[in-house]
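Computed from a predicted model, the values in this text were never measured in an experiment. Labels below follow one simple rule: chain letters A, B, ... track the order of the sequence lines, proteins then strands, and each chain is numbered from 1.
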Amino acid sequence: MGRHRRLSTLGSSRRVEGPPPGILHPMNATPETPVDPLGRIEAAAAAAVDAVGGEHAAGVDAGLKPGAKPEFGDFQLNAAMPLGKKSGRKPRELAEELAAALASPEGGVADLIEKPEIAGPGFINLTLRPEALATALEAMDDEALGVAVDTRPHGVTIDVCGVNVAKQMHVGHLRSTVIGDTVARLFERTGRDVHRQNHLGDWGLPIAMTLHSLISRDVDLAALELDTLNVAYRDAQLEAKGDPRGLAAVETNHCGPHRRFELEAQQESASEAQAAAREALVRLQSGDPEMVTAWKRLIEVTMDEVYKATSLLNTRINAESERGESSFRDELAEVVDAFVREGLAVEDDGALVVRFPDRERPMLIRKRDGGFLYATTDLAALRYRVQDLDSDEVVYVVDARQRDHFRDVFDACRMIGWATLPDGVNASLKHLGFGTVLGADKKPLKTRSGANFKLMDLLQAAIDRGRTAVRARSEDPNAPTHAMSAEELDAIGRAVGIAAIKYADLSTDTGRDYVFDLDRMVTFEGDTGPYLQYAHARLNSMIEKAGDDFHADAALLVREPEERRLTLLLLRYADAVRDACDSLEPARLCRYLHSLATEFNTFYSACPVLKAEDAAVRSSRLRLASIVRRVLADGLDCLGIEAPRRM
RNA sequence: GCCCCGGUAGCUCAGUUGGAUAGAGCAGCGGACUUCUAAUCCGCAGGUCAAAGGUUCGAAUCCUUUCCGGGGUGCCA
């Protein structure tokens with residue numbers, strides 16, 4: 001079956017290696033035209049570290065970081081301390097030399113920065129000249145907003161969604177769907193070719209049992225709905241399960257004959273159900289037309305509802321992403337043979353296992369009865385993803401509790417060579433494990449009766465809250481939404497509610513469990529999706545109002561502290577996207593967007609834009625605002641969150 | 001038993017190869033609206049970074065030990 005079984009766990013962490021998080025990238029700079037001031041300063045800093053440090057400069061980070069506080073300047077260079085440690089010289093002296101090198105005419109950046117300040121044990125604080133800030137902002141104000149295109153020739157595969165046929169989606173699927181789609185968008189934003197793969201649980205004994213149960217009861221498949229299908233699935237499971245542990249307890253606890261009889265009867269009917277299910281599976285596997293038709297209908301009924309949810313969630317997960325376990329069923333025997341042939345799989349107690357050099361626990365790939373396992377299917381799927389889909393990166397967005405499982409699968413895949421592409425590139429295989437969604441009681445989120453919440457019910461609740469809030473606001477005659485139709489308001493309300501849910505899921509460390517508190521999410525204040533949407537809507541209406549006063553190429557004047565801070569933050573957008581993508585942590589982009597929205601709101605209350613007296617200031621601020629708007633919209637799009645024009 | 005993950009403000013969480021006085025949001029208190037959209041902004045208060053020891057110019061971050069919590073662990077997925 002699919003990737004989700006039961007809930008309840010604590011999280012993880014999956015820091016993924018990537019390039020060092022240099023804060024500044026040479027954005028539009030080319031060797032011939034080093035126009036971008038930040039690129040020039042970074043290069044100058046690296047040169048200064050080399051010159052001052054000499055042989056000790058190797059391995060020392062010459063990267064600039066944003067100033068820890070506004071009074072520490074725009075950027076800081078911390079290289080003097082590690083350099084001091086390596087060379088045995090005093091960090092402050094080295095800092096003096098580095099600062100002098102940067103400020104000298106030979107440093108080449110004296111026109112861009114104020115005199116460097118040295119503080120503490122050897123921090124070098126740099127402050128940009130206003131014109132340099134304006135030029136830097138100018139340089140990123142293009143279509144790509146400074147985000148460089150990744151030119152690697154291979155694609156990326158993201159394992160997302162992971163639903164089970166015949167079962168309702170629940171909050172676990174929400175996380176895989178939302179996080180997975182966002183990771184996919186981040187890769188797409190950096191220019192990669194992305195395959196979303198939905199590894200449906202659409203094969204195996206449980207499905208056969210459900211089919212058997214439906215057919216034997218003559219259920220009208222044409223009229224089948226997911227709710228009744230889900231009940232049939234559960235009943236079939238229960239029927240086949242019996243209670244062997246109960247029977248064992250009777251033995252040890254010496255229960256009375258009545259109880260014993262009951263359990264034995266249950267056991268017997270369970271074995272009968274299991275036998276019937278096995279027979280059904282054989283019929284399905286051998287292509288029995290009645291079974292196959294029913295099976296296809298089961299998938300259809302399930303996926304109709306899944307795509308309602310993925311579409312409501314504004315994700316790009318659709319029928320094209322569909323590649324269930326069943327599509328690998330004919331490769332499993334061959335996968336096992338390959339491992340045996342390579343000497344990587346050995347028989348043990350009748351089963352076939354793959355052993356690893358660095359751990360005790362082996363991975364089973366074939367059961368004693370000849371059946372295949374979850375791991376076998378995953379190996380086949382992974383080979384397909386790397387080799388057939390041509391991916392140099394495969395990311396599994398799956399429950400954190402399956403960490404050990406994926407470690408095994410990945411290692412086995414590397415051992416047999418399937419993770420290596422024909423051109424010799426080794427694909428990186430990553431498990432982005434997410435934590436469990438908890439209720440207010442800190443236990444896995446369940447209804448009072450102990451069942452999982454239906455995902456659709458949760459989404460609907462959030463949408464209702466969004467619509468209520470949007471309607472209430474539109475009552476105000478001064479609200480920009482006042483004259484809008486009920487349909488338009490509903491669409492905005494839906495976007496707001498979904499944004500609240502998605503942002504709550506994306507903005508926290510994915511590996512950790514998180515408490516699903518609808519009330520907190522739909523407060524729409526503070527660090528929420530709607531807060532970002534609101535900032536965007538305000539920007540949008542301001543620029544609309546400006547009309548002909550807005551010029552996309554207006555001269556930029558960066559003077560006020562709020563203008564400076566906003567500009568500095570805008571300049572970091574490309575890095576925020578790159579960093580979120582490399583680390584597989586959408587939360588980093590969320591953090592960036594939230595600080596950008598906050599910084600804009602601060603700017604907005606401190607600096608008049610439309611009301612600015614001076615026409616040059618007005619048009620400069622309008623252009624600044626329009627860049628903020630585009631960055632917010634672009635960032636929200638990476639998160640798969642809609643940015644309404646009004647709200 | 002073995003393996004993995006976590007413990008930071010009342011609550012939910014950040015904290016980027018070790019950097020300056022550990023930061024946000026919520027809740028609390030005090031301010032700012034005949035709004036360039038107050039779903040906003042400004043300020044105040046709030047901490048033994050689970051505990052102890054170690055490494056060094058510098059530790060929430062790295063090492064060791066301990067405590068607490070969660071998860072995984074051969075024929076389910």
- How does each nucleotide of nucleotides 22-27 of chain B score, in 5' to 3' order, for protein heavy atoms under 4.0 Å: base (B), sugar-phosphate only (S), or none (-)? -SSSS-
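By the ring pair (Phe, Tyr, Trp, His ring centres under 6.0 Å) test, A:Tyr531 is found to be paired with A:His594, residues two or more places apart in sequence or in another chain being considered. In this view, A:Arg629 and A:His536, A:Leu539, A:Asn540, A:Ile543 satisfy the side-chain contact (heavy atoms from CB on, under 4.5 Å) rule, not counting sequence neighbours. Among residues two or more places apart in sequence or in another chain, the ring pair (Phe, Tyr, Trp, His ring centres under 6.0 Å) test is passed with A:Tyr534 by none. A:Ala495 is linked by a side-chain contact (heavy atoms from CB on, under 4.5 Å) to A:Gln533, A:Glu642, A:Pro644, counting only residues two or more places apart in sequence or in another chain. Judged as a ring pair (Phe, Tyr, Trp, His ring centres under 6.0 Å), and not counting sequence neighbours, the contacts of A:Tyr604 are A:Phe600. A:Lys85 pairs by the side-chain contact (heavy atoms from CB on, under 4.5 Å) definition with nothing, not counting sequence neighbours. For A:Leu596, the side-chain contact (heavy atoms from CB on, under 4.5 Å) partners are A:Leu566, A:Leu569, A:Leu570, A:Tyr592, A:Val628, A:Val631, A:Leu632, not counting sequence neighbours. In this structure A:Phe72 satisfies the ring pair (Phe, Tyr, Trp, His ring centres under 6.0 Å) test with no other residue, sequence neighbours excluded.
The gap from the C1' atom of B:G19 to that of B:A60 amounts to 13 Å, rounded to the nearest Å. Here the separation of B:A52 from B:A45, taken at their C1' atoms, is 32 Å to the nearest Å. Annotation: B:A22 and B:G30 have their C1' atoms spaced 25 Å apart (nearest Å). Look at the P atom in both B:A20 and B:A59: the space between them is 11 Å, to the nearest Å. Only the C1' atoms considered, B:C5 is 16 Å distant from B:A50, to the nearest whole Å.
Within residues 599-606 of chain A, the residues approaching RNA chain B are A:Asn601, A:Thr602, A:Tyr604, A:Ser605, by heavy-atom distance under 4.0 Å.
For the pair A:Lys367 and B:C75, the criterion of a side-chain N or O lying under 4.0 Å from OP1 or OP2 is not met. Residue A:Arg512 places no side-chain N or O under 4.0 Å from the OP1 or OP2 atom of B:U12. Residue A:Arg359 has no polar side-chain atom (N or O) positioned under 4.0 Å from OP1 or OP2 of B:C4.
For B:A39, the base is not stacked against the aromatic ring of A:Tyr531, per a cut-off of 5.5 Å between centres and 30° between planes.
Residue side chain A:Asp369 does not reach the base of B:C75 through any donor-acceptor N/O pair under 3.5 Å, judged by distance alone. Below the 3.5 angstrom threshold, one finds a donor paired with an acceptor across the side chain of A:Arg473 and the base of B:A39. Residue side chain A:Asn78 does not reach the base of B:A20 through any donor-acceptor N/O pair under 3.5 Å, judged by distance alone.
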- Treat a base pair as Watson-Crick or G-U wobble with both distances under 3.5 Å, then lay out RNA chain B in dot-bracket form, 5' to 3', with | for cross-strand pairs. (((((((..((((.....[...)))).(((((.......))))).....(((((..]....))))))))))))....
Could you list, one pair per line, each protein nitrogen or oxygen that sits under 3.5 Å from a nitrogen or oxygen of nucleotides 55-61 of chain B, together with the distance?
{"residue": "B:G58", "atom": "O6", "partner": "A:Lys85", "partner atom": "NZ", "Å": "2.7"}

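Of the possible donor and acceptor atoms, one in the side chain of A:His482 sits under 3.5 Å from a partner among the backbone N and O of A:Asp476.
Residue A:Arg591 is in sugar-phosphate contact alone, with no base atom involved, counting any heavy-atom pair closer than 4.0 Å across all strands shown. Residue contacts shown for A:Ser541 include a base, since a base heavy atom lies under 4.0 Å away.
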